[in-house]
Amino acid sequence: MSGAFDSGPIATLAFFVASAMTIASAIIVVTQRDLVRAVVALAMSFVGVAAIYFILNAEFIGVVQVLVYVGAISILIAFAVMFIGDLANAGTLSQSRLVSAVAGVLMLASIIFVAYNTDWTAIDEVDDPDAVAGLVGHYEVTDGSAGENSIAAAGDEIEDARGGALVDGSSHIGPALIREFVLPFETLGLLLIAALIGALVVIRGRQEDDAQEDDAA
């Protein structure tokens, strides 16, 4: 792409560091029997994924990853752990751990098979001007009879043009969420609230049952 996208050694090193942190944290999550440490490792795994998004120039998704998963989901799981009364026995091994291990190995094998057999094209090797503009340039949506997009070169300026895939698209994603996709966006918020209320109800029911058993004893 003739310098349009710089994937230098620093970016490559940061990608491998973030990937190693994400994988290591994920392994700790599924192997650690201490729930508090598992939650901390899960948050670190989310941070690693967010770092990968930033390295890939997907700043908007990276910020959403930090706000939603690191700042909300991890805290929600931490509160759920706090509600568990018997932390000593909460980390007991699952009876279906063998099936889960086999499924995980098969999934990993399928990912490795697809990654190895796919003919990947490095982003620095993209020379087509339309593809370069679609990645790091700008393009303009037209109302032509063919319904095609008018694509400019990476350095050209077009009035009211949309940025490419690797250009900051926050200015387009934000209005789209509160205009065209406001209904699914709000529906997702209601689903998260319903899940939180349901979790609290289940926990409260268990606490009441434990209290009744203690009184009966």
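Everything numeric in this text was worked out from a predicted model, so none of it was measured. Numbering starts at 1 and runs along the sequence shown.
- For Tyr53, there are no ring pair (Phe, Tyr, Trp, His ring centres under 6.0 Å) partners two or more places apart in sequence or in a different chain.
- Here Thr12 contributes atom OG1 and Ile55 contributes atom CD1; the two are 9.0 Å apart, rounded to the nearest 0.5 Å.
- Shortest non-hydrogen contact noted between Val39 and Ser74 is CG1-O, 3.9 Å.
- Under the 4.5 Å side-chain heavy-atom criterion for grouping Ile, Leu, Val, Met, Phe, Trp and Tyr, Tyr69 is connected to Phe60 within one hydrophobic cluster.
- Remark: Ile23 engages Ile27 in a side-chain contact (heavy atoms from CB on, under 4.5 Å) (not counting sequence neighbours).
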### Task
Tell me, with the steps shown, if Thr22 and Phe46 meet side-chain contact (heavy atoms from CB on, under 4.5 Å).
CA-CA 7 Å; Thr22 303; Phe46 290 153; over 6 Å; no

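- Applying the side-chain contact (heavy atoms from CB on, under 4.5 Å) criterion to Phe185, with sequence neighbours excluded, gives Leu177.
- Here Ala41 pairs with Ile28, Val29 under the side-chain contact (heavy atoms from CB on, under 4.5 Å) rule; sequence neighbours left out.
- In this structure, Arg37 CZ and Thr31 OG1 are separated by 11.5 Å, a value rounded to the nearest 0.5 Å.
- Under a hydrophobic-cluster definition in which Ile, Leu, Val, Met, Phe, Trp and Tyr are linked whenever side-chain heavy atoms come within less than 4.5 Å, directly or via other members, Val63 and Val49 are assigned to different clusters.
- Remark: Gln32 CD to Leu42 CG distance equals 13.0 Å, nearest 0.5 Å.
- Both Val36 and Met44 are assigned to one and the same hydrophobic cluster, defined by single-linkage of ILVMFWY side chains at heavy-atom distances under 4.5 Å.
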Under 3.5 Å, which donor-acceptor pairs do the side chains of residues 14-21 form with other protein atoms, sequence neighbours left out?
| residue | atom | partner | partner atom | Å |
| --- | --- | --- | --- | --- |
| Ser19 | OG | Phe15 | O | 2.8 |

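- Within a 6.0 Å sphere centred on CG of Leu191, heavy atoms belonging to other residues, nucleotides or ligands number more than 12.
- Annotation: side-chain contact (heavy atoms from CB on, under 4.5 Å) contacts of Thr118 (sequence neighbours excluded): Val114, Trp120.
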